[in-house]
Trainee: 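Below is a structure I'd like to ask you about.
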Amino acid sequence: MKKFFSMTMVMLLVMGSFSCTAQNGQKKESAVAVDSKIEVYYFHFTRRCMTCNAVESETKNALQLLYPEQLKNGAITFTSINLDDEGSKAVAQKCKAAGQGLLVMAGDKRIDLTSQGFMYAVNNPDKLKQEIKKAIDPLLTSK
């Protein structure tokens, strides 16, 4: 009975981690019309795993370390959006977010960092910070 319970728990944990990342099948870059500031969105659901929480916190930390002035003056914003909230539908539609995702939006650019977020947030947050920098730096220089 203990083995059955242990195996069931392992399977639930594994299936839960796959469901967190499998819901977002967007391409890395595509055009979406938004204003010229750089907006970083983290889309999530109410029920979140450790990795989901880490993507949000590590993204916030990276932005605060890399772009403190831009965050302060509003050139870069970070918004965490709960897709289970009724009020989030308009923003999700604007960003073409069908599920959990980490997106960078600026003008007509849409950069999807979801895969990198889920891959690196827990085990290699410095790599996630590099990926965020690689996405945002060119957007800052093109302004």
Side-chain angles (χ1 to χ4, degrees), residues 4-143:
F4 175 75
F5 181 75
S6 296
M7 290 300 291
T8 302
M9 291 305 293
V10 168
M11 288 181 65
L12 287 173
L13 289 171
V14 168
M15 288 182 351
S17 67
F18 282 122
S19 69
C20 287
T21 57
Q23 293 173 10
N24 191 356
Q26 287 122 8
K27 294 184 180 175
K28 182 140 177 142
E29 294 185 3
S30 65
V32 171
V34 293
D35 60 12
S36 62
K37 73 179 180 178
I38 297 169
E39 299 171 293
V40 180
Y41 292 101
Y42 177 58
F43 292 93
H44 62 85
F45 294 100
T46 302
R47 188 171 175 175
R48 298 164 67 179
C49 67
M50 177 184 74
T51 304
C52 298
N53 289 317
V55 171
E56 179 177 0
S57 64
E58 292 301 330
T59 299
K60 275 194 227 179
N61 290 340
L63 292 172
Q64 290 168 350
L65 287 170
L66 295 168
Y67 308 106
E69 286 303 311
Q70 292 88 342
L71 285 169
K72 188 176 181 180
N73 68 24
I76 295 176
T77 61
F78 175 81
T79 308
S80 179
I81 308 239
N82 185 339
L83 292 166
D84 288 328
D85 292 342
E86 196 60 37
S88 68
K89 305 252 186 273
V91 176
Q93 194 170 27
K94 175 184 93 165
C95 296
K96 296 183 180 179
Q100 292 170 269
L102 178 59
L103 304 175
V104 177
M105 310 285 292
D108 63 350
K109 298 223 190 281
R110 178 183 178 278
I111 303 168
D112 187 341
L113 295 174
T114 305
S115 295
Q116 294 91 329
F118 280 89
M119 193 179 328
Y120 301 125
V122 173
N123 295 323
N124 194 350
D126 286 335
K127 179 68 174 165
L128 177 57
K129 184 167 64 171
Q130 291 171 8
E131 294 292 328
I132 291 168
K133 183 172 177 45
K134 189 166 53 170
I136 292 178
D137 280 359
L139 299 174
L140 288 172
T141 59
S142 66
K143 283 188 167 189

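Computed over heavy atoms, backbone and side chain alike; hydrogens, waters and symmetry mates excluded.
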Trainee: At their closest point, which heavy atom of Phe43 faces which heavy atom of Gly99, and how far apart are they?
Mentor: CB-O, 3.8 Å
Trainee: Any chance you could measure Ile81, atom CD1, to Lys89, atom NZ, to the nearest 0.5 Å?
Mentor: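 Result: 11.5 Å between the selected atoms.
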Trainee: Using the side chain to side chain contact (heavy atoms under 4.5 Å, CB included) rule, pick out the option among Val104, Leu71, Leu139 that qualifies with Ile76.
Mentor: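 Only match with Ile76 under side chain to side chain contact (heavy atoms under 4.5 Å, CB included): Leu71.
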Trainee: Please report the C-alpha distance between Asn53 and Val55 in whole Å, then the side-chain angles of each, then the deciding distance to 0.1 Å, and finally whether the side-chain contact (heavy atoms from CB on, under 4.5 Å) criterion is met.
Mentor: CA-CA 6 Å; Asn53 289 317; Val55 171; over 6 Å; no
Trainee: What do the steps show when you test Ile136 against Val40 for side-chain contact (heavy atoms from CB on, under 4.5 Å), and what is the final call?
Mentor: CA-CA 9 Å; Ile136 292 178; Val40 180; 4.0 Å; yes
Trainee: Rounded to the nearest 0.5 Å, how far apart are CD of Gln116 and CG of Leu102?
Mentor: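 One finds 8.0 Å between CD of Gln116 and CG of Leu102.
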Trainee: Mark yes or no for whether Asp112, through its side chain, and Leu103, through its backbone, hold a donor-acceptor pair below 3.5 Å.
Mentor: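 It does not hold such a pair.
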Trainee: So, does Tyr41 use its side chain to make a donor-acceptor pair with the main chain of Ala97 at under 3.5 Å?
Mentor: no
Trainee: Quick check: closest heavy atoms across Ala75 and Lys37, and the distance to 0.1 Å?
Mentor: O-CB, 3.6 Å
Trainee: Would you compute the distance between atom OH of Tyr67 and atom CD1 of Ile132 and round it to the nearest 0.5 angstrom?
Mentor: 8.5 Å
Trainee: Quick one: salt bridge (Lys or Arg N to Asp or Glu O under 4.0 Å) pairs with a partner in residues 50-69, sequence neighbours left out?
Mentor: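 Only Arg48-Glu56, Glu56-Lys60 qualify under salt bridge (Lys or Arg N to Asp or Glu O under 4.0 Å).
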Trainee: Side chains of residues 117-129: which donor-acceptor partners sit under 3.5 Å, not counting sequence neighbours?
Mentor:
| unit_1 | atom_1 | unit_2 | atom_2 | d |
| --- | --- | --- | --- | --- |
| Asn124 | OD1 | Lys127 | N | 3.3 |
| Lys127 | NZ | Glu131 | OE2 | 3.3 |

Trainee: Does a donor on one side chain sit under 3.5 Å from an acceptor on the other, for Ser88 and Asn82?
Mentor: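 Looking only at side-chain atoms, Asn82 and Ser88 do not form any donor-acceptor pair under 3.5 Å.
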Trainee: How many angstroms lie between atom OH of Tyr42 and atom SG of Cys52, to the nearest 0.5 angstrom?
Mentor: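 The SG atom of Cys52 is 4.5 Å from OH of Tyr42, to the nearest 0.5 Å.
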Trainee: Quick check for you: to the nearest 0.5 Å, what is the distance between Glu39 atom CD and Met105 atom CE?
Mentor: 7.5 Å
Trainee: If I take atom CD1 from residue Ile38 and atom CG from residue Leu140, how far apart are they, to the nearest 0.5 angstrom?
Mentor: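 If I round to the nearest 0.5 Å, the distance is 4.0 Å.
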Trainee: Among all residues two or more places apart in sequence or in another chain, which pass the salt bridge (Lys or Arg N to Asp or Glu O under 4.0 Å) test with Asp137?
Mentor: Lys133
